[in-house]
Every structure is written in structure tokens, then in C-alpha cells.
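Quick caveat: nothing in here was measured; it's all calculated off a predicted structure.
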Amino acid sequence: MKFVCYKEFDDPLEPTYPGIMYKGKILPLARVVAVAEAIHPRSLNLPEDLNHLVALLPTYVEAVKELEKGKILDQIWQELGVSPVAPLPRPNRILAIGRNYADHAAEQDADVPVEPIVFLKASSSVIGPEAEIVLPEGIGRVDFEGELGVVIGKAGKNITERDAMGYVVGYTLFNDVTARDEQKRAFAQSLPWFLSKSYDTFGPMGPCLVTADEIRNPHNLEITTTVNGVVKQQANTSQMLFTIPQLIAFISKRMALEPGDVIITGTPSGIGPLSPGDLVEVRIPEIGSLSNMVVKEGE
């Protein structure tokens with residue numbers, strides 16, 4: 001199942017609605033659940049908080065598959081004028097992993113880490129597909145970083161590697177946009193680099209959340225980042241230094257994971273600068289494409 005969120009008629013004052021992507025259409029999840037309940041009551045509910053809703057996605061998957069098998073999904077209509085946003089417009093937390101590809105560590109002249117490097121990125125940085133990445137005046141170099149995002153679906157502490165995948169509800173794409181010059185200044189002064197990662201619009205996410213049942217092996221996904229159609233990053237998630245179970249076990253030993261947490265698993269080599277007018281796209285075929293235009297602040 002491909003879970004999405006959307007607004008109606010691109011109105012920022014409109015609430016955000018959950019939905020599913022089906023045959024290129026966005027179907028309101030509330031409507032899908034209502035039809036499913038009418039056919040086969042399961043006492044499904046639709047919490048308003050999207051992070052709580054994400055925790056229930058596995059229960060919706062069964063109902064959606066039943067409707068698809070009966071060809072009933074084809075009869076459910078979508079709203080007109082829908083405008084997709086990030087599948088989690090405000091994630092509970094964004095837990096980012098640094099230098100999780102050896103070739104990326106090399107291009108930064110940095111040592112390959114012996115344990116995961118974990119840092120936070122502000123949830124307020126998140127934007128959705130087709131939204132604009134805004135470069136503030138005088139910010140200096142800003143880089144793209146295409147990544148696989150892992151969405152946590154249930155709470156857990158001290159999770160073992162063996163059990164870790166049971167806490168994953170699905171996967172998405174993420175562009176960990178970084179104010180590189182600012183980050184380098186922070187490194188030079190042994191200061192945190194949180195702000196260099198957390199500018200408004202520096203967290204493109206989407207275009208959907210693909211539930212875990214549809215991704216057979218998240219450690220064998222081809223990830224590509226292009227700028228204006230030119231390939232800049234191309235790798236396979238099999239090249240990650242630390243696997244998803246290792247990351248979940250490592251983090252949860254120190255802090256309890258919660259529904260709506262997103263672990264962005266690091267970027268491969270090929271990072272580079274963005275300029276106003278660029279179109280940057282992150283793609284994993286099993287998930288889709290995340291495209292965003294780059295603009296200068298005030299334009």
C-alpha cells in the first residue's frame with residue numbers, strides 16, 4: 001500500500017488529509033476505510049494525529065488488499081484538485097545517519113565510522129513532492145543528499161536486531177538538504193551542525209510511504225539522485241555500512257523509538273551544490289520519485 005497525504009486545491013489553510021495512491025489516483029483514506037467497514041467490519045478508526053495513524057497502517061493494508069481483490073477500489077473516487085504533501089508533514093522525529101556509505105565518507109575526507117553517527121534534523125524542515133527548496137540569501141553552498149527513509153510504526157526500547165524490522169511500518173524517500181558551508185564552519189569549531197540541516201524546506205520527503213509488506217528487501221534498493229536530469233548519485237542500499245536492524249537496535253538502546261519517527265539512512269557519494277532553477281530528483285523504483293525545484297528566497 002502506498003500511503004500519501006494531500007491538501008485540496010493547494011490551499012495552505014486547508015487541513016491535511018490521509019490517502020492511498022492507487023493506479024495513479026489519490027483515494028481519501030477515510031472513504032476507503034468507510035467502504036471497507038461496510039463490507040467487512042473490523043472496527044477500523046482514523047485518528048487525527050498522522051503519527052498515530054501511521055501506527056495503524058498494517059491494519060489498513062489488509063482492508064485495502066481485500067477491496068483491491070474485489071475490484072472495489074476501482075469504484076472509489078478521488079477528490080478533485082488534490083495537492084500531495086509529504087506523507088508525514090511533521091514527523092515525530094527525524095533521526096539522521098551520517099557517513100553510512102563508505103564512498104561518501106571518502107569524498108568528505110572523513111574516517112569510516114565504527115558505529116552509527118546519529119543526529120537530529122528539525123521536523124519543521126519537511127516539505128512534500130513538487131514543493132520548492134528555498135535558498136536564503138547569503139547562505140553559501142547548499143547540497144542535495146538523496147536517502148532512503150525508514151518510518152517507525154510502533155514504540156520500542158532496547159529493540160534487538162532480530163526484532164527490529166517488526167517496528168518498521170514503511171519506507172519513503174528523503175533529500176537531506178544541507179547548508180554545507182555552515183556545516184563546515186560548525187565542524188571547524190566543534191559545534192553541532194543541527195541548524196545547517198534544519199532550514200525551512202531543507203527536508204523534502206515523499207512522494208509516498210510504501211508499507212513494509214511491499215518492500216521485500218530494503219537492503220537491495222537502487223537509489224539515484226539527479227539534478228536537471230543528470231545523474232549525480234547512484235548506489236544500492238546494500239552498500240550501507242550499518243543495516244536498518246543495526247540502526248534501530250543502536251538508537252533504541254539509547255532512546256525509545258516512537259510511531260512517526262523517521263530514520264534517514266545516510267547518503268551515498270556524489271553530493272553536490274544546488275542553485276536556483278535546479279530540479280533535483282531522488283528515485284527508488286519501488287517507492288517512486290521525489291522531485292523539487294530550487295528557488296532563491298523572495299522569488
Side-chain angles (χ1 to χ4, degrees), residues 1-7 10 16 18-27 57 78 81-89 91 94 96 101 104 121 125-134 142-151 169-178 201-240 262-295:
M1 186 178 87
K2 291 186 175 181
F3 173 77
V4 297
C5 283
Y6 65 93
K7 291 181 179 290
D10 198 21
T16 298
I20 65 170
M21 180 69 73
Y22 178 70
K23 293 185 177 179
K25 301 187 298 182
I26 292 179
L27 307 180
L57 286 186
Q78 69 171 342
V82 296
S83 179
V85 297
L88 277 177
I94 300 172
Y101 289 78
H104 175 55
K121 186 179 179 93
S125 70
V126 169
I127 57 174
E130 310 302 331
E132 294 176 338
I133 299 168
V134 180
V142 173
D143 284 2
F144 56 84
E145 296 188 10
E147 309 195 13
L148 170 68
V150 177
V151 183
V169 72
Y171 305 92
T172 190
L173 299 175
F174 204 95
N175 188 348
D176 181 21
V177 180
T178 303
T201 77
F202 277 24
M205 179 195 292
C208 61
L209 184 166
V210 178
T211 50
D213 62 295
E214 293 199 10
I215 302 290
R216 181 182 294 270
N217 183 5
H219 299 101
N220 187 26
L221 300 174
E222 295 290 333
I223 182 167
T224 305
T225 306
T226 63
V227 178
N228 302 324
V230 178
V231 174
K232 299 293 185 179
Q233 294 182 291
Q234 193 162 36
N236 189 286
T237 54
S238 63
Q239 298 169 269
M240 293 192 298
V262 179
I263 300 173
I264 54 175
T265 55
T267 197
S269 64
I271 61 170
L274 292 171
S275 301
D278 284 344
L279 177 67
V280 57
E281 179 180 14
V282 183
R283 177 172 174 78
I284 291 177
E286 292 84 348
I287 300 174
S289 296
L290 172 65
S291 297
N292 300 90
M293 184 66 73
V294 182
V295 300

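Residues passing the side-chain hydrogen bond (donor to acceptor under 3.5 Å, both in side chains) test with K7 are T16, sequence neighbours excluded. Applying the ring-ring contact (aromatic ring centres under 6.0 Å, His included) rule to F202 yields the partners Y199; only residues at least two apart in sequence or on another chain are considered. Among residues two or more places apart in sequence or in another chain, the side chain to side chain contact (heavy atoms under 4.5 Å, CB included) test is passed with P129 by P84, P207, L290. Applying the side-chain hydrogen bond (donor to acceptor under 3.5 Å, both in side chains) rule to E147 yields no partners; only residues at least two apart in sequence or on another chain are considered. Residues satisfying the side-chain hydrogen bond (donor to acceptor under 3.5 Å, both in side chains) test with S269, not counting sequence neighbours, are D103. E222 is linked by a side chain to side chain contact (heavy atoms under 4.5 Å, CB included) to N236, counting only residues two or more places apart in sequence or in another chain. E145 pairs by the salt bridge (Lys or Arg N to Asp or Glu O under 4.0 Å) definition with R180, K197, not counting sequence neighbours. Scored by the side chain to side chain contact (heavy atoms under 4.5 Å, CB included) test, E214 finds M1, V210, T211 as partners (sequence neighbours excluded). For A212, the side chain to side chain contact (heavy atoms under 4.5 Å, CB included) criterion is met by Y171, not counting sequence neighbours. Remark: Y22 engages no residue in a ring-ring contact (aromatic ring centres under 6.0 Å, His included) (not counting sequence neighbours). For T225, the side-chain hydrogen bond (donor to acceptor under 3.5 Å, both in side chains) test picks out Q233, with sequence neighbours left out.
Taken to the nearest 0.5 Å, the CG atom of L148 stands 8.5 Å off from the OG1 atom of T172. In this structure, CG in L27 is found 7.0 Å from CD in Q78, a value given to the nearest 0.5 Å. Taking CG of L209 as the reference point, atom CD1 of I20 lies at 13.0 Å (rounded to 0.5 Å). In this structure, D143 CG and D176 CG are separated by 10.0 Å, a value rounded to the nearest 0.5 Å. A distance of 5.0 Å separates CG in L221 from CD1 in I284, rounded to the nearest 0.5 Å.
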request  = Could you give me the CA-CA distance, side-chain angles and deciding distance for I133 and V142, then say whether side-chain contact (heavy atoms from CB on, under 4.5 Å) is met?
outcome  = CA-CA 10 Å; I133 299 168; V142 173; 5.6 Å; no

query = Passes side-chain contact (heavy atoms from CB on, under 4.5 Å), L88 versus C5? Steps please.
reply = CA-CA 7 Å; L88 277 177; C5 283; over 6 Å; no

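Within the 3.5 Å criterion, the main-chain N or O of V126 finds no donor-acceptor partner in the side chain of K121. Between the side chain of S125 and the backbone N or O of T201, no donor-acceptor pair lies under 3.5 Å. Of the possible donor and acceptor atoms, none in the side chain of N292 sits under 3.5 Å from a partner among the backbone N and O of E132.
For the pair V169/F3, no side-chain contact is recorded, criterion being any heavy-atom separation below 4.5 Å from C-beta on. T237 has its side chain out of reach of P218: every pair of non-hydrogen atoms, C-beta onward, lies at least 4.5 Å apart.
Residues M293 and L279 share a closest heavy-atom pair of N-CD1, 4.0 Å.
Sequence neighbours left out, not one pair with a member in residues 273-295 passes salt bridge (Lys or Arg N to Asp or Glu O under 4.0 Å).
Between N175 and the choices V280, I127, T267, I264, the side-chain contact (heavy atoms from CB on, under 4.5 Å) rule is met once, by V280.
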